[in-house]
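I have placed the structure first, in the form of structure tokens, so that the comments after it can refer back to it.
The chains referred to below are lettered A, B, ... by the order of the sequence lines, with proteins before strands, and numbering in each begins at 1.
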Protein chains: 2
Amino acid sequence: MTVGIKEVARKANVSIATVSRVLNGSDSVKEKTKRRVMSVVGELNYVPHAIGRALITHRTNLLGVILPDVHSEFFSELIRGIDQAARERSYHIILSSTHSNKKEIESMLGVMQGGHVDGLIVMSPHLSADGVLKRLAPRSKLVFVNTYTDGNGFVSVSIDNFNGAFQMIRHLVVAHGHKRIAILKGEESNFDARERFNGYVGALKKYGLRRVLELEITGNFTEESGYDGMMKILKLKTKPSALFCANDSMALGALRAMHEKDIIVPGEIALAGFDDIPSARYVLPALTSVHVPIYEMGTLAVEHLLNGVKAMDGMKGIRKVLTTSIVIRESCGCSLKSDEEVSEKA
Amino acid sequence: MTVGIKEVARKANVSIATVSRVLNGSDSVKEKTKRRVMSVVGELNYVPHAIGRALITHRTNLLGVILPDVHSEFFSELIRGIDQAARERSYHIILSSTHSNKKEIESMLGVMQGGHVDGLIVMSPHLSADGVLKRLAPRSKLVFVNTYTDGNGFVSVSIDNFNGAFQMIRHLVVAHGHKRIAILKGEESNFDARERFNGYVGALKKYGLRRVLELEITGNFTEESGYDGMMKILKLKTKPSALFCANDSMALGALRAMHEKDIIVPGEIALAGFDDIPSARYVLPALTSVHVPIYEMGTLAVEHLLNGVKAMDGMKGIRKVLTTSIVIRESCGCSLKSDEEVSEKA
DNA sequence: ATATGCAATGTAAACGTTTACATCACATGT
DNA sequence: ACATGTGATGTAAACGTTTACATTGCATAT
């Protein structure tokens with residue numbers, strides 16, 4: 001039905017080999033022939049058949065991306081980064097999201113082994129790399145994003161959850177003098193959540209504060225659970241003077257709860273989040289948060305996938321951790337203080 | 001390198017044809033043989049090579065999705081819907097976003113003609129369907145999302161921008177008695193923006209209000225442009241009593257501007273948006289907006305693509321318009337009124 | 001015993017390319 | 001005139017499947 005290389009060849013009075021050579025910008029083909037072929041190609045509106053080509057070249061120029069059911073902002077930024085970097089190298093991405101369980105991930109890995117993609121980017125916050133990938137052919141090109149790679153020989157890109165949380169607590173302590181800081185953390189099974197919690201604990205320790213178990217509430221990264229968690233906190237006899245939420249969605253929920261109960265933020269309780277989602281700057285008071293370079297994480301993953309091929313073979317592994325930065329807005333109480341006090345760097 | 005059908009065949013003492021039949025759940029193959037083959041398949045961890053298969057079946061089980069650089073919430077919801085529906089039919093999607101110009105879209109169409117995908121979903125708010133697709137092979141399976149399909153014979157799914165806007169204006173007029181309603185519209189080239197503006201104009205006319213040119217400000221759907229637009233409005237000698245923004249991002253910007261200038265919302269100026277993004281419910285006052293069923297639009301697009309194949313051949317075309325609904329929150333002033341007054345339905 | 005039919009399996013072509021190798025025409029050096 | 005080299009092009013195998021068609025073996029009917 002569609003026009004193939006043969007028709008082009010016939011119409012241009014050459015063999016299909018020559019047509020192929022022209023199309024692949026080969027070295028040795030006479031300029032005149034080249035022009036003749038190209039003219040026929042244009043005339044017939046011929047487009048090489050990617051599948052036929054892929055079969056013999058073993059390259060599809062497709063990258064697989066496997067994501068969990070991740071919140072919207074994170075999702076779109078990551079994809080944007082990946083897609084952009086991929087397209088610059090004339091790759092396209094084949095996407096599969098909302099994967100929460102092993103089964104689904106493995107099904108996607110099937111697509112991969114099936115030769116449909118040249119490489120794979122996997123984000124699996126609940127499953128460790130080793131756990132999922134026992135069966136994957138070792139030669140596969142693969143990079144993990146924000147995934148716990150317990151074994152070695154993996155390539156991974158992630159953000160520095162620990163330090164982001166650490167610095168935020170540090171800020172609450174040294175810039176504002178908080179001593180009773182609650183945390184709304186995520187689920188234990190979530191890699192990001194764990195690390196952020198560790199950062200919180202680490203900072204407490206570092207600055208001589210004791211952990212108080214009743215101030216450690218577990219949510220599940222949804223706005224809803226943030227609201228619920230805050231309600232629990234507000235029932236405490238001695239309330240915290242500050243609350244750190246392991247992501248912004250929960251912080252938004254907590255904020256809603258506090259509005260409802262007429263708690264003044266940051267006057268009575270200071271608030272800080274993590275992720276720096278767009279809404280963070282539009283709520284009142286504007287939310288102080290930890291900014292994470294999601295887009296960059298995406299582009300970096302692609303770059304590693306497409307450049308660092310040998311690195312994988314060597315069983316060495318690469319682990320790139322992108323640095324986070326805290327962005328100060330109103331909810332932590334900085335607007336209440338003099339500029340001088342606020343500007344505590346590093 | 002990887003294990004192929006031949007090795008399976010050899011190890012199971014059958015021909016590759018039989019292996020193929022077993023794998024495709026064919027009718028006639030003896031139960032015993034079937035088991036033997038499957039056991040070898042498991043043992044060798046064999047996965048059929050998708051490319052080889054696609055070459056002869058002419059099906060890749062891949063759907064192409066071409067999106068413009070669309071705002072994050074819309075983006076992720078749409079993808080979620082598409083991906084979900086696709087996976088239910090064991091398709092995967094190959095995604096290409098941030099396409100703003102014709103060139104990029106056509107490049108993606110190349111991938112399509114190249115046989116890599118079985119169908120295509122295209123969202124192109126700035127380019128009309130006819131305009132873009134002159135060159136596409138007519139047999140291609142293709143559905144448009146939120147795109148102006150001026151010609152016929154296209155399949156499209158979109159949201160009812162006109163009625164969403166219309167109803168919102170209607171609400172502002174009949175429930176709150178506004179007579180001087182400003183609009184912050186989007187760019188003329190944007191299909192959604194045009195329709196929403198038309199809805200605004202239509203409602204004005206219907207309720208006997210006159211258009212006032214100085215109340216029609218053009219933005220570009222960004223928060224920034226909403227802020228700027230609002231600043232312009234605030235410079236007017238006689239300000240509007242209400243403002244309708246063609247999307248929520250601009251409404252958020254406008255809200256920020258009003259906060260800054262100490263304008264009370266909705267007391268002095270009522271506000272309404274369009275899209276019902278998540279932030280809408282977290283800002284203060286919570287934003288009244290038009291809800292759009294993005295997820296459903298995605299699933300519907302896939303269903304049309306995969307079911308309504310013949311419909312396309314018939315040059316008839318299908319045009320599905322999803323209905324929108326207004327969601328009342330605080331920014332329009334409803335919380336100030338009695339429940340009775342508010343509950344004006346239909 | 002031979003023919004007939006059916007169920008199970010095998011053989012080989014086809015899908016649309018790329019590419020190693022072969023061929024060809026021609027110019028150059030002798 | 002002949003060998004040789006070179007640049008341009010053609011031939012055919014290969015990639016990993018599916019599937020139309022051929023073949024085989026066996027049971028049943030005659």
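- For A:H49 and C:dT17, the NE2 to P distance is 7 Å, given to the nearest whole Å.
- Minimum heavy-atom separation, A:M297 to A:S158: SD-CA, 3.8 Å.
- In this structure, CG of A:N24 is placed 12 Å from P of C:dA20, rounded to the nearest angstrom.
- The distance from atom CD1 of A:I56 to atom C1' of C:dA20 is 10 Å, rounded to the nearest whole Å.
- Look at NZ on A:K30: it is 17 Å from P on C:dC24, rounded to the nearest Å.
- Shown for residues 12-20 of chain B: residues whose heavy atoms fall under 4.0 angstrom of DNA chain D, namely B:I16, B:A17, B:S20.
- Using a 4.0 Å heavy-atom criterion, one finds that A:S28 contacts the bases of the nucleic acid, with or without backbone contacts as well.
- Contact detail for B:A9 and B:V19: the closest heavy-atom pair is CA-CG2, 3.7 Å.
- Atom P of nucleotide D:dT18 and atom CG of A:L55 are separated by 12 Å, given to the nearest angstrom.
- Residue B:R87 holds its CZ atom at 13.0 Å from CD1 of B:I82, rounded to the nearest 0.5 Å.
- To the nearest angstrom, P of C:dT18 lies 12 Å from CZ of A:R59.
- Taking a cutoff of 4.0 Å between a charged side-chain nitrogen and a carboxylate oxygen, A:E187 and A:R194 do not qualify as a salt bridge.
- Note on ring orientation: taking the six-membered ring where Trp is involved, the planes of A:H116 and B:H116 are tilted (angle from 30° to 60°).
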Pick out the pairs of N or O atoms, protein on one side and nucleotides 23-26 of chain D on the other, that lie under 3.5 Å.
none

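- A donor-acceptor pair shorter than 3.5 Å can be found between the side chains of B:T60 and B:D118.
- Contact between the side-chain N/O atoms of B:T33 and the OP1/OP2 oxygens of C:dT9 is found at a separation under 4.0 Å.
- Between the OH atom of B:Y46 and the P atom of D:dT17 there is a distance of 3 Å, given to the nearest Å.
- B:D83 places none of its side-chain heavy atoms less than 4.5 Å from the side chain of A:L95.
- Between the NZ atom of A:K6 and the P atom of D:dG10 there is a distance of 16 Å, given to the nearest Å.
- When each of A:R21 and A:I5 is assigned the nucleotide of DNA chain C with its nearest heavy atom, A:I5 is the one assigned upstream, toward the 5' end.
- B:F144 and B:F154 have perpendicular rings, their planes meeting at more than 60° on a 0 to 90° scale where under 30° would count as parallel.
- An OP1 or OP2 oxygen of C:dG16 is reached within less than 4.0 angstrom by no side-chain nitrogen or oxygen of A:R53.
- Heavy atoms only, all atoms of each residue included: A:R319 and A:T149 are closest at NH2-OG1, 2.9 Å.
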